[in-house]
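Report on one structure; see the data block that follows.
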Number of protein chains: 2
Amino acid sequence: MTVTIYDVAREANVSMATVSRVVNGNPNVKPSTRKKVLEVIERLEYRPNAVARGLASKKTTTVGVIIPDISNIFYAELARGIEDVATMYRYNIILSNSDLNEEKELTLLDNMYGKQVDGIVMMTERVTDPLADKMGHSPVPIVLAGSIDESNHLPSVNIDYTEATYEAVKQLIENGNERIAFISGSFNATINKKYKYQGYVKALEEAGIPIDEALIFDDVLTYDQGMKVYNHVSKLAQPATAYFVGSDEPAIGVIHAAQDDEKIVPIDIEVCSFENSKLARMVRPQLSSVVLPLYDIGAVSMRLLTKIMNKEDIEDKQVMLPYRMESRNSTR
Amino acid sequence: MTVTIYDVAREANVSMATVSRVVNGNPNVKPSTRKKVLEVIERLEYRPNAVARGLASKKTTTVGVIIPDISNIFYAELARGIEDVATMYRYNIILSNSDLNEEKELTLLDNMYGKQVDGIVMMTERVTDPLADKMGHSPVPIVLAGSIDESNHLPSVNIDYTEATYEAVKQLIENGNERIAFISGSFNATINKKYKYQGYVKALEEAGIPIDEALIFDDVLTYDQGMKVYNHVSKLAQPATAYFVGSDEPAIGVIHAAQDDEKIVPIDIEVCSFENSKLARMVRPQLSSVVLPLYDIGAVSMRLLTKIMNKEDIEDKQVMLPYRMESRNSTR
DNA sequence: CTGAAAGCGCTAACAC
DNA sequence: GTGTTAGCGCTTTCAG
């Protein structure tokens with residue numbers, strides 16, 4: 001039925017080995033026989049079977065990608081970065097959603113191992129012990145994208161979340177705010193709980209502003225949740241005048257809730273986000289945000305993975321990408 | 001190094017065949033030997049090699065997914081639908097972005113064939129002849145998701161784009177609008193050029209409103225492009241009073257441009273979109289939109305594919321999903 | 001219920 | 001430059 005390397009060999013009066021050589025671009029083939037083989041390949045429409053190749057060579061030229069949820073722009077942007085450089089290096093991507101569920105992450109890793117991927121790029125909120133253990137015993141290299149492994153054993157690509165947050169909050173303080181709410185994603189996430197939060201605390205302490213637990217919220221991920229938090233905070237005896245929000249969607253929720261509350265952003269209320277997806281430009285006023293370069297984090301992670309799979313020497317396996325602040329009109 | 005089925009067989013004092021049987025849940029194994037084998041598998045941490053399995057069985061339990069661009073929420077939503085039911089049926093997904101480039105689509109198909117995927121779900125703007133040809137000669141089943149194959153040879157999952165557009169435009173007409181702009185994505189896309197446009201024409205003709213080319217725009221995909229189109233149309237001698245926009249992003253651009261123009265939406269200007277992503281609720285006023293059930297289209301496509309791969313009888317290979325209108329505050 | 005053996009289609013020494 | 005020959009790790013008849 002399907003034409004195999006053997007069929008090509010027979011038709012071209014050469015051995016399988018020679019066909020294999022021309023298919024794989026091995027230079028040790030006389031131009032004339034290469035030509036002959038190529039012709040037969042064309043005529044028979046021969047297409048190498050990647051599975052057989054994978055079994056024989058122990059390389060599948062596919063890498064696994066485990067992310068929380070592809071339908072979230074946040075992660076989709078990362079995925080695109082990964083995919084683009086994967087394509088560049090001729091790798092295919094097996095994509096799986098973990099929904100931030102540790103059980104699922106563990107299963108997916110096993111699944112990827114079973115599929116004999118050549119490497120894995122993973123994004124997760126927290127590298128728990130079971131995860132660290134399974135990844136530590138991985139048969140293939142793994143790179144963490146935008147994720148922190150506190151033991152620092154795994155290669156990873158991140159930005160300095162603490163500094164970025166510190167700078168953003170400091171700016172809010174310099175603008176005259178003393179009541180600054182910290183609206184975060186899940187505190188189960190290492191990045192939120194230990195890094196961004198620390199930056200927030202550092203900025204406030206430096207300015208001599210006391211930390212008020214009443215202004216700190218975690219698990220705020222959606223537009224609606226952002227609105228809800230604003231509506232709660234605005235009714236406090238001492239409401240916040242500025243909001244540092246962990247991502248764009250809830251930040252927009254905060255802005256709209258503030259506007260519904262007859263407040264003018266950024267005059268009465270300032271809002272700063274931490275993401276800068278294309279949503280940031282699609283609100284009025286446009287959203288000021290720390291730029292989290294998701295696409296780049298994905299791309300660099302994949303690039304790092306190719307190097308490791310290729311057994312190249314890596315100077316530093318914990319890559320820190322630069323970040324910047326995009327000041328638009330939701331802050332003064 | 002890695003433990004194989006052979007190692008397990010030896011340790012358990014059975015044959016490879018028996019191990020294979022227990023791994024694959026074949027009932028023809030005595031409970032006691034099954035138990036014994038399972039223990040060894042556990043002890044040795046045996047993990048079946050999917051590549052070897054794929055070569056021997058000619059089934060890889062992975063399906064290819066070709067979509068235009070995963071970083072676009074529109075397609076990401078679709079991808080999630082596909083992935084969810086793929087997972088449900090134990091398939092993995094190889095995900096590739098085509099960027100709507102025919103050349104790339106052709107290459108990706110070949111690539112997928114080579115990887116021996118068991119099936120393919122594809123979304124594309126237009127099934128060109130070369131594409132139809134290559135898909136027609138596919139070694140594995142293919143399902144088109146949210147894409148039209150005009151020859152109707154390929155299984156596909158869609159909604160009735162023409163009727164949906166017709167109804168939406170008709171509503172705009174009933175609201176008293178006579179100057180209704182048709183802001184579309186690329187006219188290279190069959191769905192836009194032949195289906196949605198036809199619905200627009202039908203609604204206008206039925207109402208005796210002449211078609212005005214000056215109100216028809218294609219290739220409008222982004223927020224900025226939406227703004228630009230509004231700014232152009234609003235300066236016409238007879239500007240539009242209503243906009244039917246092909247997707248959410250440019251629809252929001254139109255709304256914001258209208259607001260910058262001191263117009264009140266939906267009093268002075270009505271805007272209706274065709275997508276209903278979560279963006280629709282994140283603008284003020286919230287966006288009225290035809291609901292394009294991307295997630296469902298993805299899920300149903302994948303489900304259909306599993307049936308075909310499974311050689312089940314399919315009543316109808318051209319599935320039409322229901323749609324509905326979500327009336328919010330950008331229309332009256 | 002279990003085992004033996006023949007591949008699946010290809011790569012990778014190793015000879016010549 | 002080219003051919004021969006083992007496998008890669010598993011499934012799948014076919015016997016028994």
Side-chain angles (χ1 to χ4, degrees), chain A residues 1-38 40-41 44-62 90 110-111 113-118 139-140, chain B residues 1-38 40-41 44-62 90 110-111 113-118 139-140:
Chain A
M1 263 243 16
T2 63
V3 9
T4 74
I5 199 173
Y6 175 75
D7 300 318
V8 176
R10 184 165 33 67
E11 281 292 307
N13 288 313
V14 296
S15 69
M16 289 163 53
T18 298
V19 178
S20 176
R21 286 191 188 95
V22 348
V23 168
N24 293 296
N26 184 318
N28 292 358
V29 181
K30 188 160 48 159
S32 65
T33 73
R34 174 188 307 281
K35 184 155 172 287
K36 183 174 59 177
V37 171
L38 252 15
V40 176
I41 286 179
L44 267 43
E45 296 186 25
Y46 167 70
R47 192 184 297 120
N49 179 325
V51 174
R53 183 183 282 188
L55 184 57
S57 69
K58 300 186 163 306
K59 295 201 169 313
T60 54
T61 63
T62 104
R90 306 252 118 83
D110 264 328
N111 186 16
Y113 297 165
K115 290 265 173 167
Q116 311 296 118
V117 296
D118 295 338
V140 294
Chain B
M1 263 240 19
T2 61
V3 8
T4 73
I5 201 172
Y6 176 75
D7 301 318
V8 177
R10 184 166 31 70
E11 280 291 309
N13 288 312
V14 295
S15 70
M16 288 162 55
T18 299
V19 178
S20 176
R21 287 189 187 97
V22 347
V23 167
N24 293 297
N26 185 318
N28 292 358
V29 181
K30 189 161 49 158
S32 66
T33 71
R34 174 187 307 281
K35 182 155 172 288
K36 184 174 58 178
V37 171
L38 252 13
V40 176
I41 286 179
L44 267 44
E45 297 186 25
Y46 167 70
R47 192 184 297 121
N49 179 324
V51 174
R53 181 182 285 189
L55 184 58
S57 70
K58 301 187 162 306
K59 296 203 169 311
T60 55
T61 63
T62 105
R90 304 251 119 84
D110 263 327
N111 185 15
Y113 297 165
K115 290 264 172 166
Q116 312 296 119
V117 296
D118 296 337
V140 295

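Heavy atoms only: backbone and side chains are in, while hydrogens, waters and symmetry mates are out. Lettering follows sequence order; numbering is per chain, from 1.
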Let me know the distance between [atom1] of [X] and [atom2] of [N], rounded to the nearest Å.
X	N	atom1	atom2	result
B/K59	D/dT12	NZ	P	9 Å
B/M16	D/dT13	CE	P	15 Å
B/I41	D/dC10	CD1	P	10 Å
A/Y6	C/dT11	OH	P	17 Å
A/D7	C/dG9	CG	P	9 Å
A/I5	D/dT5	CD1	P	17 Å
B/R10	D/dG9	CZ	P	13 Å

I want to check one thing: is the phosphate of [N], taken as OP1 and OP2, less than 4.0 Å away from some side-chain N or O of [X]?
X	N	value
A/T4	C/dG9	no
B/K58	D/dT12	no
B/S57	D/dT11	no

(Q) Checking side-chain polar atoms at under 3.5 Å, does B/K115 have a donor or acceptor matched by the opposite partner on A/T61? (A)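 A/T61 and B/K115 do have a side-chain donor-acceptor pair below 3.5 Å.
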Q. Start at the 5' end of DNA chain D and walk down; is the nucleotide closest to B/A56 or to A/A56 reached first?
A.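 Residue closer to the 5' terminus by nearest nucleotide: A/A56.
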**Q.** Closest-nucleotide ordering on DNA chain C, the 5'-leading residue of B/L55 and B/K30
**A.** B/K30
(Q) Between B/T60 and B/D118, does the side-chain contact (heavy atoms from CB on, under 4.5 Å) criterion hold? Intermediate values first, please. (A) CA-CA 6 Å; B/T60 55; B/D118 296 337; 3.3 Å; yes
Q | Evaluation steps, side-chain contact (heavy atoms from CB on, under 4.5 Å), between B/V14 and B/V40 | A | CA-CA 11 Å; B/V14 295; B/V40 176; over 6 Å; no
**Q.** Verdict with supporting geometry, B/N49 and B/T4, side-chain contact (heavy atoms from CB on, under 4.5 Å)
**A.** CA-CA 8 Å; B/N49 179 324; B/T4 73; over 6 Å; no
Q. Contacts to DNA chain D from residues 44-53 of chain B, heavy-atom cutoff under 4.0 Å, which residues?
A.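 Here the set is B/Y46, B/P48, B/N49, B/A52, B/R53.
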Q: Over all heavy atoms of both residues, which pair between B/V3 and B/Y46 is shortest? Give the atoms and the distance, please.
A: O-CD1, 3.4 Å
(Q) For A/P48 versus A/V23, what's the shortest heavy-atom pair and its separation? (A)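 Between these two residues, the closest heavy atoms are CG-CG1, 3.8 Å.
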Q. Is there a donor-acceptor contact under 3.5 Å from the side chain of B/S57 to the main chain of B/R53?
A.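 Yes; at least one donor-acceptor contact below 3.5 Å.
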Q) What residues in residues 17-28 of chain B put a non-hydrogen atom under 4.0 Å from any atom of DNA chain C? A)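 Output list: B/A17, B/T18, B/R21, B/N28.
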Q: Evaluate the side-chain proximity of A/V37 to A/R34: yes if any heavy-atom separation is below 4.5 Å, no if none is.
A: no
Q: Rounded to the nearest 0.5 Å, what's the gap from CG on B/D110 to CZ on A/R47? Could you check?
A: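 Answer for the CG-CZ pair, B/D110 versus A/R47, is 4.5 Å.
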